[in-house]
Amino acid sequence: MDKEKIQVSSPKAYDQVLEYLKTLIKNKEISYGGKIPSERELMETLGISRNSVREALRILEHTGVLESRHGKGNFLVNRMGESLSSVFSMLVLMEESNYREVNQLRSILEKQAYVQACALITAEGKEKAGEIIHRMENGDLEERMRADHELHHLVFEYSQNRLLILLTDALSEIMRSEGEVVLRQAASIDTDEWITLHKNIATCLIEGNIQEGLFALEEHYEWLERDIKM
């Protein structure tokens, strides 16, 4: 690539570096896991100071685009889910959102994932769903908590939609503390109902019954929302 011909419209160093990296990715000069140009190369190519380059790289690292490896340089990575989780968490902390809204968004995402998973799940996936329910029916509370997480993860895994997985992972991190409190309280009181809700979700997934499965998911999220604090 002729570095002198690269045109970057944004005056901000962060935008300049980001747009340059996009150009390199588009031209297949770097890819996921690959090392990006050095600070000196970025300075010379983009005509910005070392401090500006370092600040831009620091921001990109915080947003989950880059990873700095001591003595080796900066590498293109995908940790944007962690960054999204931080953004959503701040919204909740600043009371621009709340746990109930997070739960509602997760419900919307999982219903879409469920539709796709019903069509794409393999025999291995169905067997795994059955095993998860068996553990939920026969395990202690800790095992049931793990099984709960695995079943919902299975739905997103077999949706084969990476954006759905990315978003739900970010939201799950927010709900982890609040959700575990709710689950421990509700599951210890309404154990049979909790197991039945998940068994219905898994059974419909195994059978490919989309409508009944969506209804089971709706019941599950309504059950969760009863005890979620704002």
Handout entry: Partner set under side-chain hydrogen bond (donor to acceptor under 3.5 Å, both in side chains) for Q160, not counting sequence neighbours
Key = none
Completion exercise
Applying side chain to side chain contact (heavy atoms under 4.5 Å, CB included) to I25 and not counting sequence neighbours gives I30, L76
Handout entry: Cluster overlap L109 with L91, hydrophobic side-chain contacts below 4.5 Å
Key = yes
Practice task
Look at the rings of H153 and H149 and say which category their plane angle falls in: under 30° parallel, 30 to 60° tilted, over 60° perpendicular.
Solution key: parallel
Problem - salt bridge (charged side-chain N to carboxylate O under 4.0 Å, His left out) against K128, all qualifying residues, sequence neighbours excluded - result: none
Handout entry: CD-CD distance between E131 and E150, expressed to the nearest 0.5 angstrom
Key = 10.0 Å
Practice task
Please step through side-chain contact (heavy atoms from CB on, under 4.5 Å) for the pair L84 and D169, ending with a clear verdict.
Solution key: CA-CA 9 Å; L84 280 174; D169 283 349; over 6 Å; no
Exercise for the section: Check for a donor-acceptor pair, side chain of T122 on one end and backbone N or O of G125 on the other, with a separation under 3.5 Å. Expected result: yes
Problem - Listed partners of R50 passing side chain to side chain contact (heavy atoms under 4.5 Å, CB included), at least two apart - result: E39, R40, M43, R54
Practice task
Check whether any side-chain heavy atom of K199 lies under 4.5 Å from a side-chain heavy atom of M136, and answer yes or no.
Solution key: no
Problem - Polar contact flag, side-chain donor to acceptor under 3.5 angstrom, E101-S97 - result: yes
Problem - Pairwise distance OG(S159) to CG(L164) - rounded to 0.5 angstrom - result: 5.0 Å
Handout entry: All salt bridge (charged side-chain N to carboxylate O under 4.0 Å, His left out) counterparts of E193, not counting sequence neighbours
Key = R226
Problem - CD1 on I133 to CD1 on I195, rounded to 0.5 Å - result: 8.5 Å
Completion exercise
When every non-hydrogen atom of I132 is compared with those of A147, the smallest separation belongs to CG2-O, 3.3 Å
Exercise for the section: Please confirm whether the backbone N or O of D15 pairs with a side-chain atom of Y20, one donor and one acceptor, at under 3.5 Å? Expected result: no
Exercise for the section: Kindly write out the residues that satisfy side-chain hydrogen bond (donor to acceptor under 3.5 Å, both in side chains) with H134, not counting sequence neighbours, or none if the list is empty. Expected result: N138
Handout entry: All salt bridge (charged side-chain N to carboxylate O under 4.0 Å, His left out) counterparts of E143, not counting sequence neighbours
Key = R135, R146
Practice task
Report yes if the side chains of V65 and N78 come closer than 4.5 Å at any heavy-atom pair, otherwise no.
Solution key: no
Practice task
Taking E41 for its side chain and S38 for its backbone only, find out whether a donor-acceptor pair lies under 3.5 Å.
Solution key: yes
Handout entry: Residue pairs involving residues 56-71 (criterion salt bridge (Lys or Arg N to Asp or Glu O under 4.0 Å); sequence neighbours excluded)
Key = E55-R58, E67-R69, E67-R79
Completion exercise
Taking every heavy atom of I121 against every heavy atom of Y158, the minimum-distance pair comes out as CA-CD2, 3.5 Å
Practice task
Check the hydrophobic clustering (I, L, V, M, F, W, Y; side-chain heavy atoms under 4.5 Å; chains of links allowed) and say if Y221 and L205 are grouped together.
Solution key: yes
Exercise for the section: Could I get the full list of salt bridge (charged side-chain N to carboxylate O under 4.0 Å, His left out) partners for K22, not counting sequence neighbours? Expected result: E19
Practice task
Determine whether V92 and N98 make a side-chain contact, defined as any pair of heavy atoms from C-beta on separated by less than 4.5 Å.
Solution key: no
Completion exercise
Smallest heavy-atom separation, W194 atom then D148 atom, equals NE1-OD2, 3.2 Å
Exercise for the section: Indicate, with yes or no, if I206 and L217 share a hydrophobic cluster defined by side-chain heavy-atom contacts under 4.5 Å among Ile, Leu, Val, Met, Phe, Trp and Tyr. Expected result: no
Fill in the blank from the handout: CD1 (I201) and OG1 (T196) are apart, to the nearest 0.5 Å, by 11.0 Å
Problem - Close side-chain approach of K72 to K35, heavy-atom, < 4.5 Å - result: no
Exercise for the section: Enter the distance from I48:CD1 to K12:NZ here, rounded to the nearest 0.5 Å. Expected result: 14.0 Å
Completion exercise
Here the pair of heavy atoms bringing E157 nearest to I165 is CA-CD1, 4.3 Å
Handout entry: For S52, all residues meeting side-chain hydrogen bond (donor to acceptor under 3.5 Å, both in side chains), sequence neighbours excluded
Key = S49
Completion exercise
In short, salt bridge (Lys or Arg N to Asp or Glu O under 4.0 Å) pairs touching residues 206-221 with sequence neighbours left out are K111-E218
Handout entry: Connected via hydrophobic side-chain network under 4.5 Å: L224 and L141
Key = yes
Handout entry: Atom pair CD1 (I59) and CG (L18), whose distance is rounded to the nearest 0.5 Å
Key = 10.5 Å
Practice task
State, yes or no, whether a side-chain contact exists between Y114 and C204 at a heavy-atom distance under 4.5 Å.
Solution key: yes
Problem - Side chain to side chain, L60 and Y14, heavy atoms closer than 4.5 Å - result: yes
Exercise for the section: Mind listing the closest non-hydrogen atom pair of L154 and A129 along with its distance? Expected result: CD2-CB, 3.7 Å
Problem - Partners passing side-chain hydrogen bond (donor to acceptor under 3.5 Å, both in side chains) against Q116 (at least two apart in sequence or in another chain) - result: Q112
Handout entry: Parallel, tilted or perpendicular: ring planes of H220 versus H152, cut at 30 and 60 degrees
Key = tilted
Exercise for the section: Determine whether I36 and F75 make a side-chain contact, defined as any pair of heavy atoms from C-beta on separated by less than 4.5 Å. Expected result: no
Handout entry: Nearest non-hydrogen partners of A117 and V155, listed with the distance
Key = CB-O, 3.4 Å
